[in-house]
Amino acid sequence: MLGPLLLRASRNERARGIVTSAPAFRRVVRRFVPGEEAGDILAATNDLVSAGLTVTIDHLGEDILDSAQAAATRDIYVQLLGQLAALGLAQHAEVSLKLSAMGQALPRDGQAVALGNARAVCQAAAAAGTTVTLDMEDHTTVDSTLSVLRDLRTDFPWVGAVVQSCLRRSEADLRDLVQAGSRVRLVKGAYAEPPSVAYAAKPDVDRAYVRCLEILMKGAGYPMVATHDARLIEIAAHLAERHGRGADGYEFQMLYGIRPTEQRRLAGSGSRVRVYVPYGGDWYGYFLRRLAERPANVAFFLRSAVTR
Ligand code: FDA
């Protein structure tokens with residue numbers, strides 16, 4: 001019950017105002033978001049890379065309905081990519097983009113605006129010597145995001161896609177995506193979706209994840225297995241071996257602050273591990289989705305907020 005409630009709150013402006021204005025809450029958010037400024041993310045990236053992990057960086061912000069703000073977000077990414085290159089981190093750190101932060105939801109020409117902004121970020125990534133992955137948002141955006149992906153891949157074949165196992169359409173999408181060189185991140189899905197398009201029960205989402213893993217591991221693309229689920233991590237490793245993939249033939253991905261010991265254990269045992277690290281001031285929606293995934297975090301969150 002709490003999970004769906006938190007997902008609804010993640011898009012509620014009143015709840016956003018209450019949570020984001022309380023200084024005690026801001027401190028707790030640091031578990032999942034290392035900071036708001038470029039310096040914070042560069043320091044966090046440096047620490048992770050020093051520990052043998054790779055990184056994908058997300059500048060927080062979504063559902064932008066103002067083209068100037070979308071352009072400002074694009075410029076932040078471009079600048080960040082330059083800084084990563086200057087510090088010698090670009091080889092180990094890429095960026096993750098939400099197209100809704102690039103203008104996809106603008107009422108006029110949203111998809112074209114998002115494509116133009118994302119293209120500029122890809123050009124900066126190419127100059128820095130790294131890659132970009134397009135995050136996937138709720139199901140209403142999937143067709144538009146895959147269309148932008150196809151356009152970007154004409155010039156930048158390394159742009160990564162995300163597929164959510166909770167969506168009924170995903171196995172078919174994956175079959176189209178698993179071409180040679182295609183980087184595909186498989187996730188369960190973080191948005192509240194109607195049963196007409198998504199599996200509602202967790203065991204169904206997990207079973208769909210395994211079916212998607214089979215398609216990915218068997219295909220010619222590069223699988224990015226994004227989950228903290230111990231059972232699915234084990235199954236992924238098993239399937240990779242069965243399909244003749246070595247440790248450099250796929251990677252695990254996890255979120256900053258979630259199962260950090262496991263991230264290091266996997267990397268230490270020879271697996272490729274990438275940590276998704278968000279930064280920026282607009283952390284509310286991201287943070288609420290993390291609470292929704294594990295309602296036990298709510299108790300931790302409230303306890304920390306009142307005991308400081
Ligand atoms: P599940 O939620 O079943 O969790 C398995 C176990 O992991 C839990 O039992 C717990 O131990 C631990 N765990 C999971 N979440 C936790 C939390 N918040 N706090 C503490 N422990 C937790 N989604 C999306 O829709 N679009 C996207 O583009 C992305 N991108 C993305 C990138 C990367 C690198 C990751 C890891 C995830 C995403 N996601 C995403 C989010 C994804 O869809 C999903 O919501 C989360 O990964 C949680 O699902 P799990 O697979 O971890 O399983």
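One-based numbering, in listed order, for ligands and for the atoms of each. Since we're looking at a predicted model, the values are computed, not measured. Computed from heavy atoms alone, side chains included, the values below leave out hydrogens, waters and symmetry copies.
Of the polar atoms of Leu291, none of the N or O atoms is found under 3.5 Å from an N or O of ligand 1, judged by distance alone. Between Tyr276 and ligand 1, no pair of N/O atoms sits closer than 3.5 Å.
A perpendicular orientation is assigned to the rings of Tyr279 and His59, their planes being inclined by more than 60° (bins at 30° and 60°). Relative orientation of the Trp158 and Phe156 rings is tilted, given thresholds of 30° and 60° on the angle between their planes.
What sits closest to atom 28 (O) of ligand 1 on the protein, heavy atoms only, is Met136 N, 3.0 Å. Atom 49 (O) of ligand 1 has Lys188 CD, 4.1 Å as its closest protein atom, hydrogens excluded (heavy atom only). For atom 13 (N) of ligand 1, the closest heavy atom belonging to the protein is Ile258 CG2, 3.8 Å. At the top of the distance list for atom 30 (N) of ligand 1, counting protein heavy atoms only, stands Arg185 NH1, 3.2 Å. Atom 45 (O) of ligand 1 has as its closest protein heavy atom Glu293 OE2, 2.6 Å. When only non-hydrogen protein atoms are considered, atom 20 (C) of ligand 1 lies nearest to Arg294 CD, 3.3 Å. The protein atom (non-hydrogen) at minimum distance from atom 52 (O) of ligand 1 is His228 ND1, 2.7 Å. If you check which protein heavy atom lies closest to atom 3 (O) of ligand 1, you get Lys202 NZ, 2.5 Å.
Only the side chain of Gln164 comes within 4.0 Å of ligand 1, counting heavy atoms alone; its backbone N, CA, C and O stay farther away. Only the side chain of Arg31 comes within contact range of ligand 1, with a heavy atom under 4.0 Å; no backbone atom does. With a 4.0 Å cut-off on non-hydrogen atoms, Thr227 touches ligand 1 through its backbone as well as its side chain. Residue contacts with ligand 1, taken as heavy atom pairs separated by less than 4.0 Å, do not involve Tyr209 at all.
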Given Arg30 and Asp40, is the salt bridge (Lys or Arg N to Asp or Glu O under 4.0 Å) satisfied, shown in steps?
-> CA-CA 11 Å; Arg30 288 292 167 267; Asp40 300 322; over 6 Å; no
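Remark: the Ser147 side chain and the Gln111 side chain contain an N/O donor-acceptor pair separated by less than 3.5 Å. Using modelled atom types and a 3.5 Å distance limit, the side chains of Glu137 and Thr145 yield no donor-acceptor pair. For Thr56 and Gln253, the side-chain atoms include no donor-acceptor pair closer than 3.5 Å.
Considering Arg231, Arg289, Arg290 only, the shortest heavy-atom separation from atom 41 (C) of ligand 1 involves Arg290. The option from Val163, Asp58, Val187 that lies nearest to atom 40 (C) of ligand 1, judged by heavy atoms, is Val187.
For the pair Arg231 and Asp206, the salt-bridge criterion is not met [side-chain N within less than 4.0 Å of a carboxylate O]. In summary, Arg16 and Asp282 engage in a salt bridge, as defined by a charged side-chain N under 4.0 Å from a carboxylate O. The pair Arg211-Glu171 meets the salt-bridge criterion, with a side-chain N (NZ, NE, NH1 or NH2) lying under 4.0 Å from an Asp/Glu carboxylate O.
Taking a cut-off of under 4.0 Å to the non-hydrogen atoms of Val162, the atoms of ligand 1 that pass are 27 (C), 28 (O). Taking every heavy atom of Gly189 and a limit of under 4.0 angstrom, the matching atoms of ligand 1 come to 25 (O), 42 (C), 43 (O), 45 (O). Short contacts between ligand 1 and Asp229, defined as distances under 4.0 Å to a heavy atom of the residue, involve ligand atoms 5 (C). For ligand 1 and Asp135, the ligand atoms under 4.0 Å from any heavy atom of the residue are 28 (O).
Not a single donor-acceptor pair under 3.5 Å links the side chain of Arg185 to the backbone N or O of Gly160. Using a distance-only test at 3.5 Å, with no hydrogens or angles considered, a donor-acceptor pair links the side chain of Gln179 to the main chain of Asp176. In terms of modelled atom types and a separation under 3.5 Å, the side chain of Ser170 and the main chain of Val163 share no donor-acceptor contact. Remark: side-chain polar atoms of Asn117 are not paired, donor with acceptor, to backbone N or O of Arg74 under 3.5 angstrom. Side-chain atoms of Tyr77 never come within 3.5 Å of backbone atoms of Ala118 as a donor-acceptor pair (strictly under, hydrogens ignored).
Counting only heavy atoms, the protein gets under 4.0 Å from atom 43 (O) of ligand 1. Distance remark: protein heavy atom present below 4.0 angstrom from atom 47 (O) of ligand 1. Distance check for atom 37 (C) of ligand 1: a protein heavy atom is found below 4.0 Å.
Paired with Pro278 under the rule side chain to side chain contact (heavy atoms under 4.5 Å, CB included), one option of Ile57, Leu255, Leu60 passes, and it is Leu60.
Heavy-atom separations between Arg274 and ligand 1 are all 4.0 Å or longer. Judged by the shortest distance from any of its heavy atoms, Glu193 lies outside the 4.0 Å radius around the atoms of ligand 1.
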